[in-house]
Amino acid sequence: MRRGSGEPEVDRELLGVGHGYGGGAELPSALLRLVCEGEQGHRHPGGGGDRRYPVPARRDALTRCGTVTPVTRVRVGLTGGVASGKSTVSAILRDLGAVVVDADRLAREVVAPGTEGLAEIVEAFGPGVLTASGELDRPAMGAVVFADETARRRLEAIIHPRVRRRGAELEAAAGPDAVVVHDIPLLAETGQGGAFDAVVVVDVPVQTQIERMVAERGMSRADAEARVAAQASREDRRAVATYVIDNTGTLEDLRDRVTEVFEKLVSTGSAVG
Ligand SMILES: CC(C)(COP(=O)(O)OP(=O)(O)OC[C@H]1O[C@@H](n2cnc3c(N)ncnc32)[C@H](O)[C@@H]1O)[C@@H](O)C(=O)NCCC(=O)NCCS
Ligand SMILES: Nc1ncnc2c1ncn2[C@@H]1O[C@H](COP(=O)(O)OP(=O)(O)OP(=O)(O)O)[C@@H](O)[C@H]1O
């Protein structure tokens with residue numbers, strides 16, 4: 001719990017701190033009460049961000065504390081350069097209770113075998129972009145579009161409208177008080193920053209993006225650089241950010257920062273306080 005003047009003294013004995021507590025599923029009720037009621041002047045409950053407790057317990061504290069439960073849907077755009085860590089951040093947000101709409105996944109669904117999307121791609125690029133089993137040959141398609149901007153725009157014109165339609169459908173199916181996170185790699189490039197209540201940008205240096213693509217995805221350095229070159233600059237993405245998440249630290253650092261940002265997103269959507 002954050003400590004500062006005017007905050008209640010936490011009874012460590014009562015909380016079990018230093019007595020083996022720390023891995024349980026819930027915050028002790030005394031701490032939950034302090035989280036919800038005790039911290040005068042703090043909208044964001046200290047217990048929700050207290051790193052001594054596991055993320056699900058912090059989420060429970062947030063959810064059970066009426067002052068921070070969103071009463072309307074909060075719409076969030078999540079973006080970042082290729083291999084910056086968007087999917088990792090999405091997974092953490094999902095774990096915290098967000099509904100995640102993943103544009104990369106939808107971009108695969110709308111070109112699955114038998115779809116109109118795939119038929120349009122074959123019409124535009126020829127049957128050479130199909131595998132022997134009739135699926136989109138993704139490495140072959142990538143080799144074409146990351147070397148040729150006109151081809152890339154053509155592919156995007158087929159895929160993006162379908163992804164947006166499907167994304168809107170998925171959002172409509174989410175609960176009225178959900179935090180809906182749209183993970184959109186090209187959010188800045190496509191000028192969608194203004195379409196959300198908040199934009200979260202996952203930020204790493206280009207060098208880190210390239211190292212991760214080469215080391216973990218077996219890509220050549222040239223291919224990795226071509227993907228980065230096809231995207232907005234780090235500065236352009238940061239310019240549309242409400243929250244920047246630096247992902248140059250450990251996964252534990254990332255989890256803590258994402259939890260902090262999630263708490264802010266939840267309280268932004270709250271009608272109370
Ligand atoms: C070219 C394709 C077939 C390559 O597939 P592959 O499996 O290698 O990559 P995947 O789809 O998993 O994308 C990985 C990352 O590449 C980057 N990327 C993908 N498409 C683009 C693009 N058009 N421009 C810039 N970067 C892109 C993103 O950072 C994305 O997260 C595929 O990326 C694609 O269909 N792209 C066009 C659709 C698109 O714009 N998708 C981005 C979000 S809707
Ligand atoms: N803080 C971190 N430390 C070390 N590795 C990380 C960290 N964050 C993410 N990674 C790793 O970097 C790689 C890229 O992360 P991730 O897949 O989340 O990026 P992405 O932005 O979703 O990528 P893409 O743009 O291709 O969809 C993954 O292998 C992931 O495990």
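None of these values were measured; they are calculated from a predicted model. Every heavy atom of this structure was used, including side-chain atoms; hydrogens, water molecules and symmetry mates were not. Both counts, for ligands and for their atoms, begin at 1 and track the order of listing.
The closest approach between any non-hydrogen atom of Glu189 and ligand 1 is not below 4.0 Å.
What sits closest to atom 11 (O) of ligand 1 on the protein, heavy atoms only, is Arg138 NH2, 2.8 Å. Taking atom 18 (N) of ligand 1 as the reference point, the nearest protein heavy-atom neighbour is Phe146 CZ, 3.8 Å. Looking at atom 1 (C) of ligand 1, its nearest protein heavy atom turns out to be Val145 CG2, 3.7 Å.
Expressed to the nearest 0.5 Å, how far CD of Glu225 lies from CD1 of Ile210 amounts to 4.5 Å. Here the NE2-CG distance, from His182 to Leu78, works out to 11.0 Å after rounding to the nearest 0.5 Å. Considering OG1 of Thr79 and CD of Gln192, their distance stands at 9.0 Å, rounded to 0.5 Å. Of the inter-residue distances, the one linking Arg227 atom CZ with Met219 atom CE reads 4.5 Å to the nearest 0.5 angstrom. The distance from the CG atom of Leu106 to the CZ atom of Arg162 is 13.0 Å, given to the nearest 0.5 Å.
Between Arg257 and Asp246 no salt bridge is recorded (no basic side-chain N to carboxylate O distance below 4.0 Å). Note on Glu169 versus Arg165: no salt bridge recorded, every NZ/NE/NH1/NH2 to OD/OE distance being 4.0 Å or above. Asp95 has a carboxylate O that lies under 4.0 Å from a charged side-chain N of Arg255, or vice versa, which qualifies the two as a salt bridge.
Compare Arg164, Arg105, Glu156, His160 by their heavy atoms: the one nearest to atom 40 (O) of ligand 1 is in His160. Counting only non-hydrogen atoms, the option in Gln231, Arg227, Met141, Arg217 that gets closest to atom 8 (O) of ligand 1 is Arg227. With Asp102, Asp104, Val111 as candidates, the residue nearest to atom 30 (C) of ligand 1 on a non-hydrogen basis is Asp104.
Contacts with ligand 1 closer than 4.0 Å are made by no heavy atom of Leu106, backbone or side chain. For Leu155, every heavy-atom contact with ligand 1 shorter than 4.0 Å involves the side chain, none the backbone.
For the residue pair Thr250 / Glu252, no side-chain donor-acceptor distance below 3.5 Å is found, with atom types taken as modelled.
Here is the list of ligand 1 atoms found below 4.0 Å of a heavy atom in Arg108: 7 (O), 10 (P), 12 (O). Heavy-atom proximity to Pro185, at under 4.0 Å, picks out these atoms of ligand 1: 28 (C), 29 (O), 31 (O), 43 (C). Less than 4.0 angstrom separates some heavy atom of Leu186 from each of these atoms of ligand 1: 22 (C), 23 (N), 24 (N), 25 (C), 26 (N), 40 (O).
Take Glu149 and apply the side chain to side chain donor-acceptor pair (under 3.5 Å) test, not counting sequence neighbours, and it matches Arg153.
Sorted by chain and number, the heavy-atom contacts of ligand 2 below 4.0 Å come from Gly81, Val82, Ala83, Ser84, Gly85, Lys86, Ser87, Thr88, Asp104, Arg212, Glu216, Arg217, Asn247, Gly249, Thr250, Leu251.
Two residues are said to be in side-chain contact when any heavy atoms from C-beta on lie closer than 4.5 Å; Gln209 and Val206 meet this criterion.
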